[in-house]
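Written below as structure tokens is the structure these notes are about.
Chain identifiers are assigned alphabetically (A, B, ...) following the order of the sequence lines, protein sequences preceding nucleic acid strands; residue numbering begins at 1 within each chain. Everything numeric in this text was worked out from a predicted model, so none of it was measured.
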Amino acid sequence: MNRNVSALLIGLVGASITLSAYSQTFVSPTQCVTVGLLVLIFGLLVKEGFISMVIWKRRLMIRKRPNDRSTNRQQPSRLWAKCTSLRSLKQIHASLITKGFNSSPSALREVIFASAMVISGTIEYAHQLFAQISDPDIFIWNTMIRGSAQSQNPLNAILLFVQMENRSMKPDRYTFPFVLKACSRLSWRNMGFGIHGKVIKYGFLENRYLRNTLIYFHANCGDLSVASDLFDVSDKTDVVPWSALTAGYARRGELDVARRLFDEMPVKDLVSWNVMITGYAKKGEMESARKLFNEVPERDVVTWNAMIAGYVLCGSCGEALEMFEEMKRVGERPDEVTLLSLLSACADSGDLEVGRKIHSSLSEMFCGDFSTVCGNALIDMYAKCGSIKMALEVFQGMREKHVTTWNSVILGLAFHGHADESIKLFTEMQRSKVKPNEITFIGVLVACSHAGRVKEGRQYFKLMRDRHSIEPNIRHYGCMVDMLGRSGLLNEAFEFIDSMEIEPNTIIWRTLLGACKIHGNVELGRQANEKLLQMRRSQSGDYVLLSNIYAFQGEWDGAEKVRKLMDDSGVRKEAGFSLVEFEADGKAFIHFLLASETKSGLRHQEPLAALR
DNA sequence: CTAGGGTTAG
């Protein structure tokens, strides 16, 4: 308000000076007034322009960050390099308010843009701000829909679109690609078809970009014939229709078709290669992926990430790490996605040492202020590698603790035998007013189960429904069965399964079967196994458990019968293994693969004894 | 402001 008044005053002063300067010479009064008005408008434009300039500068700096790490890291953008979290965004927002830019819609829109699009996992803040705007413009609507479409809840994009139509805000050509992306991610076929109809209704089908998004949607989860019809009328010199269709086939796992398209493509750019490499990598065909990777004329960070993620996915963590080393050797700078894939590899393989290195790379990259996703992955990695101390350290160092962050630490501790700590953190979580979700309760129930806190577990199970209105799913029931079974309340566990509102699955019965083994209850064990056989999806573990029950009770005939049944039905038991890592001479780390039932000849008694 | 890569989940 003040600024408008001052701009007005500046304009008026300018106008009167101009008038007095020129009116006495050769200019007519009408011209004087015109010049005065021009000066006034100029004053106002400068004021608005100044704001947009400031905002744009900030926006550019925020945006530049993720891809710009190859350049000098000692640049003045250091301050903005920290803008990876909600906290730093709030600082910017606060400084905008104190500088009086809050009333400017352009300021709010930039903050919304940053929280919806730039900083991952902060879309909720954008939603809060969005709710405060009485009359959002089309750009803000699109930004919200776009951000929601790529967020964890793509459903919000659809809801916003519906809301938009209800408030009679006309979508434009940019709106639809984002809504379609949400449909693709949700695999909402019908909704996508509906959106297709609306695209026609609004006359946007001729739009090249929109048609490409439609090709992508239909190839991905809609109708393949529609996709190819749209493809046929597309400009074949454009790479996008080609790669959209190829990506769709690749994602559906139809790699042969994808490959044929890829070979037919008149022009290939890097993205089409990436599509194909990703397709192979996701299907576990790493040799083919590798071949294309070697052939591709140029590589970017996505190419490398696709390969690394592929190796992680098929369990070849060593190959993934080799790729990472090679990537660094040729000078390609790893980004957040690279490191997240690798953290998952470390968590799977238990490679604490490499995990630590990635931690320090991330610290360097983000100045120790991790985004929610990075923090979660780090907590998960440390917990799975057994370093509870570091998991807690990362957790405590995180400024913003999202539900998923709490979940990572609560589950990490619960599965690692630190039930008391886990439950303590859950109480702390409730104090900090973060709403627990269904996954949180999995962690809490697992913790109670491991600690033998049956009474508390029952309370939390009830609390989940009554206070948080979360309907228990099959996994929660599974936790309860596990908890009751472990503590020997086998009959109650059986009754609990009977009282369940959803159909029990094999996991539930297998859990009970496992509990029967521990407590040597042959009768209930047999019943549970019968249920499992009924479901005809019985796996080797069930046979082994049942056989063990008989064996533990000295009923060797029964045990033998089950083993024979196993052999006849061609069921085989996978060899179990555990990984132990210890420091040998201060620096070297040695890995031991300990197999309990193995073909390699290792007997777990020997190395275990050696370790002790 | 179109196509390609990632994390947490008995």
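Here A:Leu343 lies out of heavy-atom contact (under 4.0 Å) with every strand. Within the 4.0 angstrom heavy-atom criterion, no nucleotide atom of any strand lies near A:Asn220. At the heavy-atom level, A:Val312 lies nowhere under 4.0 Å from the strands shown. A:Asp300 comes within 4.0 angstrom of a base, heavy atoms only. As judged by a 4.0 angstrom heavy-atom cut-off over every strand, A:Thr404 is placed among the base-contacting residues. Counting non-hydrogen atoms under 4.0 angstrom, A:Asp482 reaches nothing in the nucleic acid. Heavy atoms of A:Val271 sit under 4.0 angstrom from at least one base atom. Within 4.0 Å (heavy atoms only), A:Tyr216 reaches sugar-phosphate atoms of the nucleic acid but no base atom.
The local environment of CD in A:Glu456 is crowded, with over 12 non-hydrogen atoms from other residues, nucleotides or ligands closer than 6.0 Å. Within a 6.0 Å sphere centred on CD of A:Glu295, heavy atoms belonging to other residues, nucleotides or ligands number more than 12.
Cation-pi geometry between A:Lys170 and A:Tyr202 is not satisfied (NZ or CZ under 6.0 Å from the ring centre, within 45° of the ring normal). Taking the centre and axis of the six-membered ring of A:Tyr209, the NZ or CZ atom of A:Arg173 falls outside the cone set by 45° and 6.0 Å.
Remark: A:Glu428 engages no residue in a side chain to side chain donor-acceptor pair (under 3.5 Å) (not counting sequence neighbours).
Contacts between residues 239-255 of chain A and DNA chain B, defined by a heavy-atom separation under 4.0 Å, are made by A:Val240, A:Ser243, A:Arg251.
Side-chain contact check for A:Thr338 and A:Asp335: at least one donor-acceptor pair (N or O, by modelled atom type) lies under 3.5 Å. No donor-acceptor contact under 3.5 angstrom links the side chains of A:Arg260 and A:Tyr249, judged on distance only.
Side chains of A:Arg211 and A:Phe204 form no contact here, defined as non-hydrogen atoms less than 4.5 Å apart.
Here the CG-OG distance, from A:Leu321 to A:Ser349, works out to 7.0 Å after rounding to the nearest 0.5 Å.
Summary of the strand contacts: A:Arg475 and A:Asp172 both lie near DNA chain B, and taking for each the nucleotide with the nearest heavy atom, the more 5' one is attributed to A:Asp172.
You can see that DNA chain B meets the heavy atoms of chain A within a 4.0 Å-exclusive cut from B:dC1 to B:dG10, reading 5' to 3'.
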